[in-house]
Amino acid sequence: MTALPATTIALAGSFARELPELAVPWRAVDAAEPRLLVLNVQLATELGLDPATLRTDAGVRLLTGSAVPDGATPVAQVYAGHQFGGYSPRLGDGRALLLGELEDAQGRVRDLHLKGSGRTPFARGGDGLAAVGPMLREYIISEAMHALGIPTTRALAVVATGRFVRRDDWLPGAVLARVASSHLRVGTFQYARATGDIDLLRRLADHAILRHAPEAAESAQPYLALLQAVITAQAHLVARWMLVGFVHGVMNTDNVTISGATIDYGPCAFMEGFDPATVFSSIDERGRYAYGNQPAITEWNLARLAEALLPLLAEQQEQALQLAVETLGGFQKAYVAAWSSGMRGKFGLSEDVDDAAARLVIDELLALLESGRVDLTTCFRGLSAVARGRADSTRDLFTHRDAFDAWAKRWLALGPDADAMDRVNPVYVPRNRLVEESLAAATQGDLDPMSRLLEVLRRPFDERAGLERFAAPGPERSFRAYRTYCGT
Ligand code: AMP
Ligand code: MG
């Protein structure tokens, strides 16, 4: 184990120090032949890290965990979680480590975390490793989400380890360095609650308040205010997913953050042909985490958080329960408000258009999209052309063109703002076909297609000539063609 000079990077360990019951000090396995595949220069700079230093041998060792900065204590975090509805009392980082926290250029605390860094005490049957393809996939999709303005963990780097990982085949291994405002999950609270140690639960909640809801500390009921803050953040998050057609795929409670950021990009994907039943994960046989179920599942997950917080909400169990139920009741309202306001933006409707009229045109178009399995991204982007009097290519997306014409007439009467629409309806999203193509090339050693894709996705709203291929939907209208699509 080599130590990096402390000047390279200063990592704090507030999680490990304040919550030792939830942190097992651990070390990464050494990468056999580490090779930096991709470095997020923009993010490194935001974090106050020097990209040139990160590219050196010592930097690459830091990014795989085989060198730890002086004074840092990498830990595996423990958490519980409901997976597909069934409770697992002890999950935790089976193949991940929290290296520590750093302060970014704006003074915000960010976790630096590794995924694929070797087995930990929470690995159960797993090998603790990750393959190049899925780690690059997380890199691409999380960066695309960030560019779309959707809260997410960020990818700092992917380093190939030079080791092979056994999946169905032998695949090249990699470590992802990931940055997040924290890795606190609903499952972290479920674990703390299940220990029966109320002091631990309170310290965890205080830690979460400090990091994600500082205003809750001023409240007469700080823990209720924390629950409220998480409910609001998650309602906004899932609304953002719905507006762009993002399907997370594994909304287990261990994959739901307290910060309200998207985390854990496994079998996720962007829906193309509009269909609420869309599900990409081959293990989600019943469609629990289908596109259309995501808001209800978020609410269910938040109910698990509320349960975990009960002992902190009031002295009397009954009163705590009543407060929790009341607060959870706010989810639906917060979700509908976030979704409606986002949809109004996508349709270019101003404040002057009343809610009932807006809702009518929104619902009618969604029904048309669904009946024809129309590509969500292409359609919304195309609507601004319709507003500018160029309806043809958008109209052609629909099976029932007369119905579209009748709808468009009613919508145009509401005076949509085409320029405003172009600022919120992306041209470029990480489409399955493009992502797969770039990962296949990267796994063969050609990183150019991925760099090109990342470059396109970095400015999703800015339509550029020559990039038509990146905007085009795949040949299949239905998600069923990607049914077995899954990456971990
Ligand atoms: P996920 O579905 O990726 O959120 O992971 C669920 C749980 O399985 C977490 O506790 C992970 O740490 C663990 N896990 C997933 N893959 C592996 C692996 N290859 N080795 C060890 N643990 C893993
Ligand atoms: Mg997870």
Side-chain angles (χ1 to χ4, degrees), residues 22-24 26-29 31 64-65 74-99 111 113-139 141-142 152-153 155 158 161 163-176 178 180 182-191 194 234 237 247-259 261-269 279-285 288-289 297-298 301 304-305 485-488:
L22 305 179
V24 177
W26 205 254
R27 285 286 191 265
V29 287
T64 56
V75 295
Q77 293 178 297
V78 62
Y79 45 83
H82 277 88
Q83 300 182 301
F84 290 92
Y87 183 65
S88 294
R90 191 168 175 270
L91 290 168
D93 292 333
R95 55 164 172 176
L97 289 176
L98 172 65
L99 289 181
D111 276 4
H113 178 99
L114 303 178
K115 190 162 164 181
S117 50
R119 299 191 80 233
T120 76
F122 308 113
R124 294 169 292 154
D127 59 8
L129 303 174
V132 165
M135 294 306 101
L136 290 178
R137 192 161 191 284
E138 172 156 344
Y139 190 112
I141 308 217
S142 62
T152 176
T153 61
V158 176
T161 59
R163 230 180 256 279
F164 278 80
V165 179
R166 182 157 203 178
R167 294 293 178 259
D168 286 340
D169 264 327
W170 287 93
L171 300 171
V175 175
L176 167 78
R178 169 163 97 177
S182 90
H183 284 78
L184 301 177
R185 306 146 191 267
V186 168
T188 318
F189 280 84
Q190 291 181 288
Y191 181 88
Q234 284 290 337
L237 178 66
V247 183
H248 181 282
V250 217
M251 295 174 68
N252 295 333
T253 56
D254 54 303
N255 292 337
V256 178
T257 57
I258 298 305
S259 66
T262 315
I263 194 169
D264 275 0
Y265 293 86
C268 60
V279 48
F280 296 101
S281 169
S282 55
I283 54 172
D284 190 1
E285 280 157 16
R288 178 180 170 90
Y289 299 140
I297 287 290
T298 300
N301 288 337
R304 307 289 79 75
L305 175 66
Y485 195 82
C486 184
T488 75

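Whatever order the structure lists them in is the order used to number ligands and atoms, beginning at 1.
For G128, a nitrogen or oxygen atom sits less than 3.5 Å from a nitrogen or oxygen atom of ligand 1, counting backbone and side chain alike. Polar contact with ligand 1: present for G92 (N/O pair, distance under 3.5 Å). At a 3.5 angstrom cut-off on N or O pairs, R95 counts as close to ligand 1. At under 3.5 Å, a nitrogen or oxygen of G94, whether backbone or side chain, sits near a nitrogen or oxygen of ligand 1.
Every atom of ligand 1 with a heavy atom of D254 under 4.0 Å away is listed here by number and element: 4 (O), 6 (C). Against a heavy-atom cut-off of under 4.0 Å, D264 is close to the following atoms of ligand 1: 4 (O).
Under 4.0 angstrom from ligand 1, the non-hydrogen atoms of R124 all belong to its side chain. Contact annotation: for D93 versus ligand 1, heavy atoms closer than 4.0 Å belong to the backbone alone. With a 4.0 Å cut-off on non-hydrogen atoms, Y265 does not touch ligand 1 at all. The side chain of R167, and not its backbone, has at least one atom closer than 4.0 Å to an atom of ligand 1 (non-hydrogen atoms only; side chain from C-beta on). Under 4.0 Å from ligand 1, heavy atoms of D127 appear from its side chain as well as its backbone.
For the pair H183 and I263, the tightest heavy-atom approach, listed with the atom from each and the gap, is CD2-CD1, 3.8 Å. Contact detail for L22 and T188: the closest heavy-atom pair is CD1-CG2, 4.0 Å. For the pair V165 and G173, the tightest heavy-atom approach, listed with the atom from each and the gap, is CG2-CA, 3.4 Å. Of all heavy-atom pairs spanning G81 and Q190, the tightest one is CA-OE1, 3.5 Å. When every heavy atom of A174 is checked against every heavy atom of V158, the shortest pair comes out as CB-CG1, 3.9 Å.
Under a 4.0 angstrom heavy-atom cut-off, A96 registers as lying outside contact with ligand 1. Residue contacts with ligand 1 leave out G266, since none of its heavy atoms falls under 4.0 Å from the ligand.
Within a 6.0 Å radius of CZ in R124, other residues, nucleotides and ligands contribute more than 12 heavy atoms.
Under the rule for a side chain to side chain donor-acceptor pair (under 3.5 Å), the partners of E138 that lie at least two apart in sequence or sit in another chain are K115, R178. Here N252 pairs with Y289 under the side chain to side chain donor-acceptor pair (under 3.5 Å) rule; sequence neighbours left out. For R288, the salt bridge (charged side-chain N to carboxylate O under 4.0 Å, His left out) test picks out no residue, with sequence neighbours left out.
Which of R185, Q83, R166, Q77 comes nearest to atom 6 (C) of ligand 1 through a heavy atom is settled by distance: it is Q83.
Checked options I141, V247, V250, T262; the residue passing with C268 is I141 (criterion: side-chain contact (heavy atoms from CB on, under 4.5 Å)).
Between the side chains of Y265 and T152, a donor-acceptor pair is found at a separation under 3.5 Å.
A salt bridge links D264 with R185: the closest approach of a Lys/Arg side-chain nitrogen to an acidic carboxylate oxygen falls below 4.0 angstrom. Taking the charged nitrogens against the carboxylate oxygens, D127 and R163 have no contact shorter than 4.0 Å, which rules out a salt bridge.
Around the Mg ion (ligand 2), the protein N, O or S atoms found under 2.8 Å comprise N255 OD1, D264 OD2.
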